[in-house]
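Just so you know, ligand 1 is whichever comes first in the structure, and atom 1 is the first atom listed for that ligand.
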Amino acid sequence: MLQVRELEHKYGAIRSLKGVSLEVNQGEVVALIGANGAGKTTLLRCISGILKPCAGSIVFEGTNIYGLPSHKVAKHGIAQVLESRHVFPKLTVMENIQMGAFLRRDSKEKIDGEIERLFEIFPRLKERVSQLAGTLSGGEQQMLVMVRAMISNPRLLILDEPSLGLAPIFIDEIFHIIPRLQQMGSTILLVEQNASMALAVADRGYVMETGSITLTDTGANLLENDQVRKLYLGEE
Ligand code: ATP
């Protein structure tokens, strides 16, 4: 579905991506893990068009999306949930979700039906449909931006650090939700500091170090890998 080949990016003179190649197949959950500053966010932002790479290629469902601006990448069916988790604070939860469906041409009934199905996975939001989004907790805001992205009906959902700064109970909830979204047919590319939980839900994973992919395998094999256990799972 997504093929990134030999991607290069620079911040001024600093090479932040040094020939990164990565693939995501339809229906997969793929996790990208690595230390702070490895270039994970930069890679996601190059894919979603927020940043411009300087060499390489990005092909999504057979279309070259390399260098396209983010609104055009979104039209090809890639939705990115940013680390910053921006909600519209003065709008209600439901109004925020409806913003995600803004560009869809489907009927209101169809979209309402999909919102109801998503509420089965995110019951916490259903209870809060009329609450102003700015008053939600951090974990609830994370769920809201995930639902808003899902209701845009993306072919690929990109999540940047969904567990960042959340209380353990919310982290567990987010990692329970990811397999359920996959069961509903979503394809997900996920960046996480929380490597053990990310690899546990991922079909495949990539390890990134200072701008390069250094290791790739199934999520299960990476969880067993000595180097990964030592460097990213905090084991001796
Ligand atoms: P983290 O897990 O800490 O979010 P990351 O793997 O997502 O890290 P990036 O945010 O992609 O890493 O950063 C990669 C490198 O690029 C880092 O060395 C960072 O300091 C640098 N960098 C990121 N943004 C900028 C910027 N706007 N200007 C200059 N350098 C930047």
Side-chain angles (χ1 to χ4, degrees), residues 2-24 29-58 60 65-71 73-74 78-87 138-139 141-142 145-146 149 156-168 170-171 174-175 178 188-202 204-217 219 222-223 225 227-235:
L2 176 73
Q3 283 134 2
V4 176
R5 293 273 175 270
E6 298 296 325
L7 204 67
E8 299 271 340
H9 176 270
K10 287 182 186 165
Y11 291 108
I14 297 171
R15 274 179 84 199
S16 36
L17 297 181
K18 304 170 186 165
V20 170
S21 297
L22 161 149
E23 277 184 18
V24 181
V29 173
V30 173
L32 184 58
I33 64 166
N36 289 119
K40 305 178 297 296
T41 296
T42 303
L43 174 58
L44 295 190
R45 290 183 175 205
C46 285
I47 295 168
S48 59
I50 299 169
L51 291 173
K52 269 208 179 341
C54 53
S57 74
I58 310 175
F60 182 64
I65 58 162
Y66 174 94
L68 290 185
S70 52
H71 66 277
V73 173
I78 298 182
Q80 180 169 3
V81 173
L82 300 171
E83 220 175 343
S84 53
R85 266 176 224 157
H86 175 76
V87 297
Q141 291 192 8
Q142 178 63 45
V145 290
M146 285 170 76
L156 172 67
L157 179 65
I158 295 183
L159 299 175
D160 193 358
E161 301 270 9
S163 80
L164 190 74
L166 300 186
F170 275 114
I171 298 180
I174 296 289
F175 281 103
I178 289 169
I188 297 173
L189 173 61
L190 164 79
V191 157
E192 260 295 328
Q193 285 288 321
N194 199 326
S196 57
M197 291 186 102
L199 293 175
V201 298
R204 292 188 304 110
Y206 290 85
V207 178
M208 205 167 172
E209 276 173 41
T210 55
S212 304
I213 302 285
T214 52
L215 199 57
T216 179
D217 206 331
L222 287 174
L223 271 176
N225 181 289
Q227 196 189 344
V228 171
R229 294 175 80 94
K230 198 163 152 212
L231 290 175
Y232 304 108
L233 306 180
E235 295 181 13

Subject >> ligand 1-proximal atoms of E161, by part, heavy-atom distance under 4.0 Å >> reply: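 E161 to ligand 1: side-chain contact only, backbone stays beyond 4.0 Å.
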Subject >> Nearest protein heavy atom under 4.0 Å from atom 20 (O) of ligand 1, yes or no >> reply: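 It does not: no protein heavy atom is found less than 4.0 Å away from atom 20 (O) of ligand 1.
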**OP:** For atom 2 (O) of ligand 1, find the nearest protein heavy atom and state the residue, atom name and distance (0.1 Å precision).
**Re:**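 Here the closest protein heavy atom is Q193 NE2, 2.6 Å.
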**OP:** Give the residue and atom name of whichever protein heavy atom lies nearest to atom 18 (O) of ligand 1, and the separation in Å to one decimal.
**Re:**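 Here the nearest protein heavy atom works out to G37 O, 3.8 Å.
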Which of the ligand 1 atoms, numbered from 1, are nearer than 4.0 Å to a heavy atom of [X]:
| X | result |
| --- | --- |
| A38 | 5 (P), 6 (O), 12 (O) |
| A35 | 6 (O) |
| T42 | 9 (P), 11 (O), 13 (O), 14 (C) |
| N36 | 1 (P), 2 (O), 3 (O), 8 (O) |

Original post:
Which pairs pass side chain to side chain donor-acceptor pair (under 3.5 Å) with one or both residues in residues 190-201, sequence neighbours excluded?
Top reply: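 Listed by first then second residue: S163-E192.
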Original post:
Is there side-chain contact between L190 and P162, with at least one heavy-atom pair below 4.5 Å?
Top reply: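 They are in side-chain contact.
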Original post:
Does a side-chain heavy-atom distance below 4.5 Å link I188 with V201?
Top reply: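 The answer is no; the side chains never approach within 4.5 Å.
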Original post:
Nearest non-hydrogen atom to atom 4 (O) of ligand 1 belongs to which of I33, L164, T41?
Top reply: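 Closest candidate by heavy-atom distance is T41.
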Original post:
Any N or O of K40 that comes nearer than 3.5 Å to an N or O of ligand 1?
Top reply: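 N/O-N/O distance below 3.5 Å exists for this pair.
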Original post:
G34 to ligand 1: N or O pair under 3.5 Å?
Top reply: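 Among all N and O atoms of G34, none is under 3.5 Å from an N or O of ligand 1.
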**OP:** Specify the closest pair of heavy atoms between I174 and Q142, including all atoms of both residues, with the distance to one decimal.
**Re:**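 Looking at all heavy atoms of both residues, the closest pair is CD1-CG, 3.6 Å.
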